[in-house]
There are 2 protein chains.
Amino acid sequence: MSYRPTDKTEARKKSQHALLLSSAIKIVSVRGFQALTIGALAEEADVATGTVYKYFDSKAILCSEVFRLGTEKEVQQVQLAAFPENSMSCEQRLTNAIAIFAERAIAGYRLAYALTSESVDPIIEIERRIYRQSYADIFETLIAEGIEQNEFRPQDARISASAMVGTITETLIGPVGPSTPSSTESQKNKLIKSIQQFCLHAVMK
Amino acid sequence: MSYRPTDKTEARKKSQHALLLSSAIKIVSVRGFQALTIGALAEEADVATGTVYKYFDSKAILCSEVFRLGTEKEVQQVQLAAFPENSMSCEQRLTNAIAIFAERAIAGYRLAYALTSESVDPIIEIERRIYRQSYADIFETLIAEGIEQNEFRPQDARISASAMVGTITETLIGPVGPSTPSSTESQKNKLIKSIQQFCLHAVMK
DNA sequence: CAATAAAATGAACTACGATTCATATTATTG
DNA sequence: CAATAATATGAATCGTAGTTCATTTTATTG
């Protein structure tokens with residue numbers, strides 16, 4: 001006779017799934033996707049390799065979920081900054097959105113690098129495109145609104161939005177590489193200011 | 001008694017080396033770095049796998065050379081556009097440099113994707129950073145000159161330069177992905193115009 | 001042409017990491 | 001507690017791709 005599926009069963013299943021995911025995020029945050037092997041994950045989560053497959057049918061699926069988990073909150077924060085409750089100028093909102101994007105990427109540097117730039121297998125590459133696109137979508141909507149409002153110059157909002165995503169990731173990740181960001185608070189602020197200036201000038205009249 | 005090293009020997013060595021490199025470029029141009037295995041290369045060049053190792057000590061070295069070969073001419077062309085013989089305004093030169101960069105990337109789309117964005121192993125990732133940096137260096141010098149000349153607004157030339165590299169690669173590669181570019185001549189021109197506009201506005205007063 | 005250096009061959013070896021599965025452990029039901 | 005469902009285990013398997021090397025082929029010298 002089979003067990004009843006509810007009760008602890010479900011709870012434990014979810015908790016194990018969550019444990020594995022957070023262990024995976026931990027590995028990626030410290031050593032990148034490169035280090036995320038089933039073996040390493042099993043060790044980190046203190047389970048056997050086979051157990052991982054009870055919760056994720058394949059490594060590709062695991063990676064997707066890691067990607068989504070690492071990504072969701074980030075995008076949401078930028079979304080909030082771009083479209084806040086109280087009204088603000090598009091210029092101000094764009095400035096804020098860039099700041100949030102950049103600050104969070106700097107704070108969680110290694111993870112941000114893994115999510116935006118680290119070489120990964122093609123399956124994750126697709127997820128990454130979606131990820132970048134969701135940032136681009138936010139910017140695009142905001143830029144379109146700014147054009148509408150006559151705050152920004154007429155332009156292809158779609159392209160300007162992609163350009164900003166490229167600008168932010170390249171300026172943050174590019175020069176520093178997978179090593180530590182190692183910069184003072186004031187250096188960070190200066191960097192973010194420069195990025196904001198660049199993007200703002202690019203879209204403004 | 002050992003052979004004399006000059007004569008045909010050297011010539012053949014070089015020609016085989018070149019054959020292997022061009023075969024490798026061909027593979028990468030069509031199917032990306034992902035498809036560049038020693039086996040595939042040997043088949044493409046019509047030699048045995050072991051032969052490849054007579055010309056390249058390791059796959060990493062092979063990849064580096066492929067990368068350099070695929071890259072050198074590109075960077076050089078942008079350099080020429082940015083610093084031509086006859087004098088031009090910085091604005092004009094920047095416009096031209098962006099056009100060259102973009103046009104060439106679109107023309108050799110799959111290769112450009114492989115060189116700028118395809119996931120590759122960490123060894124090549126380092127080469128890639130150098131590659132992107134060499135573009136950024138060109139832009140940086142040009143932007144600095146523009147600031148000096150009072151053509152461009154005061155700004156951190158280093159960051160604006162990285163921003164442009166990010167902008168160009170993300171707008172060209174990003175939305176299209178590893179699939180075919182499949183766009184008409186006029187669409188391409190519009191895309192390039194938009195990128196130029198974005199970058200110019202970003203740096204100008 | 002004989003002797004031998006150089007180059008080419010490709011099967012075998014190696015390394016690594018994903019995945020499987022027979023077995024063991026743990027949990028639930030009556 | 002006995003029966004058995006659910007879960008966990010981890011050694012073994014599989015697949016892929018880089019690398020090696022004993023052997024063969026080709027080229028050069030005298």
Side-chain angles (χ1 to χ4, degrees), chain A residues 1-21 23-24 27-28 31-67 118-125, chain B residues 1-21 23-24 27-28 31-67 118-125:
Chain A
M1 182 167 301
S2 70
Y3 291 2
R4 269 170 295 161
T6 45
D7 290 306
K8 282 188 214 166
T9 322
E10 289 289 277
R12 174 160 178 77
K13 221 173 210 168
K14 271 190 185 162
S15 104
Q16 280 291 78
H17 184 94
L19 167 68
L20 285 169
L21 264 186
S23 299
I27 289 171
V28 173
R31 294 184 290 145
F33 271 104
Q34 200 200 339
L36 183 61
T37 63
I38 302 293
L41 174 56
E43 186 172 8
E44 176 70 37
D46 221 2
V47 299
T49 59
T51 303
V52 175
Y53 283 88
K54 283 285 182 330
Y55 295 93
F56 303 93
D57 285 347
S58 69
K59 194 192 171 185
I61 290 171
L62 165 70
C63 286
S64 300
E65 295 200 26
V66 168
F67 210 93
E118 187 186 352
S119 285
V120 289
D121 63 43
I123 308 113
I124 309 177
E125 197 60 48
Chain B
M1 182 165 301
S2 70
Y3 290 3
R4 268 170 293 161
T6 44
D7 291 307
K8 283 187 211 166
T9 321
E10 289 289 277
R12 174 157 179 77
K13 223 173 209 169
K14 271 190 185 161
S15 104
Q16 280 291 78
H17 184 93
L19 166 68
L20 286 169
L21 265 187
S23 298
I27 290 170
V28 174
R31 294 185 291 144
F33 271 104
Q34 201 199 337
L36 183 61
T37 63
I38 302 293
L41 173 56
E43 186 172 8
E44 176 70 36
D46 222 2
V47 299
T49 59
T51 303
V52 175
Y53 284 87
K54 284 284 182 327
Y55 296 93
F56 303 92
D57 285 347
S58 69
K59 195 193 171 184
I61 289 171
L62 165 70
C63 286
S64 300
E65 296 200 24
V66 169
F67 210 92
E118 187 186 352
S119 285
V120 288
D121 63 41
I123 308 113
I124 310 177
E125 197 60 48

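A, B, ... follow the sequence lines: proteins, then strands. Residue 1 opens every chain. When reading the values below, keep in mind they use all heavy atoms of this one structure, side chains included, and skip hydrogens, waters and symmetry mates. Worth saying up front: this structure is predicted, and the values here are computed from it rather than measured.
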Asker: List the residues meeting side-chain hydrogen bond (donor to acceptor under 3.5 Å, both in side chains) with A:S64, not counting sequence neighbours, and say none if there are none.
Answerer: A:E127
Asker: Between residues 54-62 of chain A and DNA chain D, which residues have a heavy-atom gap below 4.0 Å?
Answerer: A:K54, A:Y55
Asker: Tell me, which pairs form a salt bridge (Lys or Arg N to Asp or Glu O under 4.0 Å) where one or both residues lie in residues 48-66 of chain A, sequence neighbours left out?
Answerer: none
Asker: Considering residues at least two apart in sequence or located in another chain, which fulfil the side-chain contact (heavy atoms from CB on, under 4.5 Å) criterion with B:A18?
Answerer: none
Asker: List for me each residue that meets side-chain hydrogen bond (donor to acceptor under 3.5 Å, both in side chains) alongside A:S119, sequence neighbours excluded, and say none if there are none.
Answerer: B:E125
Asker: Collect all protein-nucleotide pairs involving nucleotides 12-15 of chain D in which both atoms are nitrogen or oxygen and the distance is under 3.5 Å.
Answerer:
none

Asker: Sequence neighbours left out, what passes side-chain contact (heavy atoms from CB on, under 4.5 Å) with B:K14? Give chain and number order.
Answerer: none
Asker: Does A:Y55 have any ring-ring contact (aromatic ring centres under 6.0 Å, His included) partners at least two apart in sequence or in another chain, and if so, which?
Answerer: none
Asker: Would you mind reading off the bend of the helix from C:dC1-D:dG30 to C:dG30-D:dC1 from its two end axes, five pairs each, to 10 degrees?
Answerer: 10°
Asker: Side-chain donor-acceptor pairs under 3.5 Å in residues 33-44 of chain A, sequence neighbours left out?
Answerer:
residue: A:T37; atom: OG1; partner: A:A40; partner atom: N; Å: 3.0
residue: A:E44; atom: OE2; partner: A:K26; partner atom: NZ; Å: 3.3

Asker: Got a sec, which residues hit side-chain contact (heavy atoms from CB on, under 4.5 Å) with A:S15, two or more places apart in sequence or on another chain?
Answerer: none
Asker: In residues 118-125 of chain A, which ones come under 4.0 Å of DNA chain C, going by heavy atoms?
Answerer: none
